[in-house]
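A note on names: the letters A, B, ... follow the listed sequences, proteins ahead of strands, and every chain is numbered from 1.
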Number of protein chains: 2
Amino acid sequence: MTRNKELNQKIKEERRQQILSNALMLFAQRGLAATKIIDIASASDISQGLMYHYYKSKEEIFIELIRIAFDRMNEACRWLVSQPLSPREKIKFAIEELLKLLEQNEDASRYHLLIAQATASDAIPEEAKNIIKKENTFPYEAIASIIAEGQKNGSIKMYDTKELAMVFWTSINGLAIYKAVHGKKFKAPDANILASMFFKE
Amino acid sequence: MTRNKELNQKIKEERRQQILSNALMLFAQRGLAATKIIDIASASDISQGLMYHYYKSKEEIFIELIRIAFDRMNEACRWLVSQPLSPREKIKFAIEELLKLLEQNEDASRYHLLIAQATASDAIPEEAKNIIKKENTFPYEAIASIIAEGQKNGSIKMYDTKELAMVFWTSINGLAIYKAVHGKKFKAPDANILASMFFKE
DNA sequence: GTCTATATCCAGATAGAC
DNA sequence: GTCTATCTGGATATAGAC
């Protein structure tokens, strides 16, 4: 009895993951409004009606994805900040890892695109907007704090700290979008190109 | 008689421009699917029904905007290539002008965002896809050709030419999206930050 | 030219059978 | 748990009055 319940729970959880992953692909490809519930259902090989056993609405799926996207992003930033590396090494490492992720991991660039889209769009659920408002600044601040340290010890160029942090993320974002568009054909650029915005030769 | 006809034509043309401009703002803000005809009509202070005197569908408006966006972009690129400047000066100038445009011209960043969105989205009219497929490569090629020249004469770094061109546009794109999100508060970064990806010190 | 009213269509969400 | 059928609402596009 309890056995069965647990097993069912587990199956349900797996199915939810599967739906999430398909929804992520579709939202990233077409945006929230243009993605129909039935598209997600078809991609997940279930009927439209059955979707509502797993999620109570399209928006709920979207919100959960936004939450996951920021969780992962912020977790990665916290981890980066805590590494025993010099500021310069951290920035270099961050660029390299982000580019590698973009090139190799399909989901990674989709999450990026999802955030980019969601951030750029008015037409998303209120709750998603709140998550964005609350979480969006952290990656900028994390990078800015590393850059500030690097500027103090002379290893990073003396441009305005916030401007550098903005250019860091907007460049990554731009590449993530490019990747999402060009798919598997995408080859990440040499990390040194981006790095040269921050480092003296 | 002919007088009146001409005048009417002129008024109609102006109204169409007005509608286009409002539609651009809304499409950039919310995307195609999430923008309702009635939103465009309201923003233009006309009834929903009247919209159809000016455009036969929402998609037609979208397609016209995409066409304009690429016309302007490509025209600007052609102009840049033809300037009597050294490759290095051209790149520097292009960065400065693009950043200035982004900061000062509302429409400019909206057109950027529109292209970014449209390029990133599956869910746009077939005809818009065709325009994108046909026109999208030109700016990349134009910048790549300038970079190649600069590499030949030693004024631009010897990274892969296509990678540099890609990073050029994706960085601008990323900033355009950032600007579209943050609106008037946006302040463009120092052009030298971006320039340092291309130039030796 | 402009509006209001309406036909039509499509997508989200629910109900109910199996 | 899963499906099909259906309700409901909202958006596009058209018709017709002024």
Side-chain angles (χ1 to χ4, degrees), chain A residues 1-20 22-23 25-27 29-65 121-128, chain B residues 1-20 22-23 25-27 29-65 121-128:
Chain A
M1 190 51 185
T2 317
R3 267 282 141 74
N4 268 328
K5 248 188 177 171
E6 273 172 25
L7 187 62
N8 284 345
Q9 266 309 110
K10 199 174 158 249
I11 289 172
K12 188 164 181 179
E13 196 37 51
E14 269 166 24
R15 187 66 72 92
R16 280 173 65 100
Q17 286 306 320
Q18 203 186 353
I19 291 169
L20 270 184
N22 290 317
M25 182 188 62
L26 289 164
F27 286 147
Q29 231 163 61
R30 311 145 86 105
L32 172 63
T35 302
K36 310 304 168 197
I37 283 274
I38 199 170
D39 300 332
I40 305 174
S42 304
S44 313
D45 276 312
I46 58 176
S47 71
Q48 194 205 29
L50 189 51
M51 281 292 308
Y52 293 87
H53 274 260
Y54 296 101
Y55 288 95
K56 83 174 203 304
S57 69
K58 187 172 77 165
E59 305 208 327
E60 197 190 31
I61 303 178
F62 186 79
I63 291 165
E64 185 152 334
L65 282 170
S121 173
D122 252 16
I124 59 170
E126 205 53 39
E127 198 177 340
Chain B
M1 191 51 185
T2 317
R3 267 280 140 75
N4 268 329
K5 249 190 178 172
E6 272 172 25
L7 187 61
N8 283 346
Q9 265 311 109
K10 197 171 160 253
I11 288 172
K12 187 164 182 180
E13 196 37 52
E14 268 167 24
R15 187 66 71 93
R16 280 173 66 100
Q17 286 307 320
Q18 202 185 354
I19 291 170
L20 270 184
N22 290 317
M25 182 188 62
L26 288 165
F27 286 147
Q29 229 162 61
R30 312 145 86 107
L32 172 63
T35 301
K36 308 305 166 196
I37 284 273
I38 199 171
D39 299 332
I40 305 174
S42 304
S44 312
D45 276 311
I46 57 176
S47 73
Q48 194 205 30
L50 190 52
M51 282 291 308
Y52 293 88
H53 273 259
Y54 296 101
Y55 288 95
K56 84 174 202 307
S57 70
K58 187 172 76 165
E59 305 208 327
E60 197 190 31
I61 303 178
F62 186 78
I63 290 165
E64 185 153 335
L65 282 170
S121 174
D122 251 16
I124 58 170
E126 205 54 37
E127 198 177 339

Selection from dC3(D), dA13(C), dC3(C) that lies nearest to any side-chain heavy atom of K58(A):
dA13(C)
Verify the contact: side-chain N or O of Y54(B) to OP1 or OP2 of dT2(C), cut-off strictly under 4.0 Å; return yes or no.
yes
Audit row: R16(A), E13(A), side chain to side chain contact (heavy atoms under 4.5 Å, CB included) steps and yes/no
CA-CA 5 Å; R16(A) 280 173 65 100; E13(A) 196 37 51; 3.8 Å; yes
Nearest-Å distance for atom pair CZ/C1', residues F62(A) and dG12(C)
17 Å
Check every atom of dA13(D), dT2(D), dC3(D) against the side chain of Q48(B) and return the nucleotide holding the closest atom.
dA13(D)
Considering only heavy atoms from C-beta outward, does the side chain of L20(B) approach that of Y55(B) to under 4.5 Å?
yes
Position toward the 5' end of DNA chain D (nearest nucleotide), S57(B) or H53(B):
S57(B)
Determine, for K10(B) against E14(B), whether the closest basic-nitrogen to carboxylate-oxygen distance falls under 4.0 angstrom.
yes
CD1 of I46(A) versus P of dG12(C): gap in Å, rounded?
14 Å
Figure out the CD1/P separation between I61(A) and dG12(C), and round it to whole Å.
10 Å
Please determine, for the side chain of L50(A), which listed nucleotide (dA13(C), dT2(D), dG1(C)) has the closest atom?
dT2(D)
For the student: nearest non-hydrogen atoms of L26(B) and A43(B), plus distance:
CD1-CB, 4.3 Å
Nearest to the side chain of K36(B), heavy atoms from C-beta on, is which of dT12(D), dG12(C), dC3(D)?
dT12(D)
Whole angstrom is fine here: how far is it from CD1 in I19(B) over to P in dG1(C)?
12 Å
All heavy atoms of L32(A) vs all of I124(A), minimum pair found to be CD2-CA, 4.1 Å
Closest-nucleotide ordering on DNA chain C, the 5'-leading residue of G49(B) and K12(B):
K12(B)
Quick one: M51(B) CE to dA11(D) P, roughly how many Å, whole number?
15 Å
Can you tell me if Y52(A) touches the phosphate of dT14(C), counting only side-chain N or O atoms and a distance under 4.0 Å to OP1 or OP2?
no
Starting at CG of D39(A) and ending at P of dC10(C), how long is that distance when rounded to a whole Å?
14 Å
Between atom NZ in K56(B) and atom P in dT14(D), what is the gap in whole Å?
10 Å
Could you tell me the separation between the CD1 atom of I38(A) and the P atom of dA11(C), rounded to a whole number of Å?
8 Å
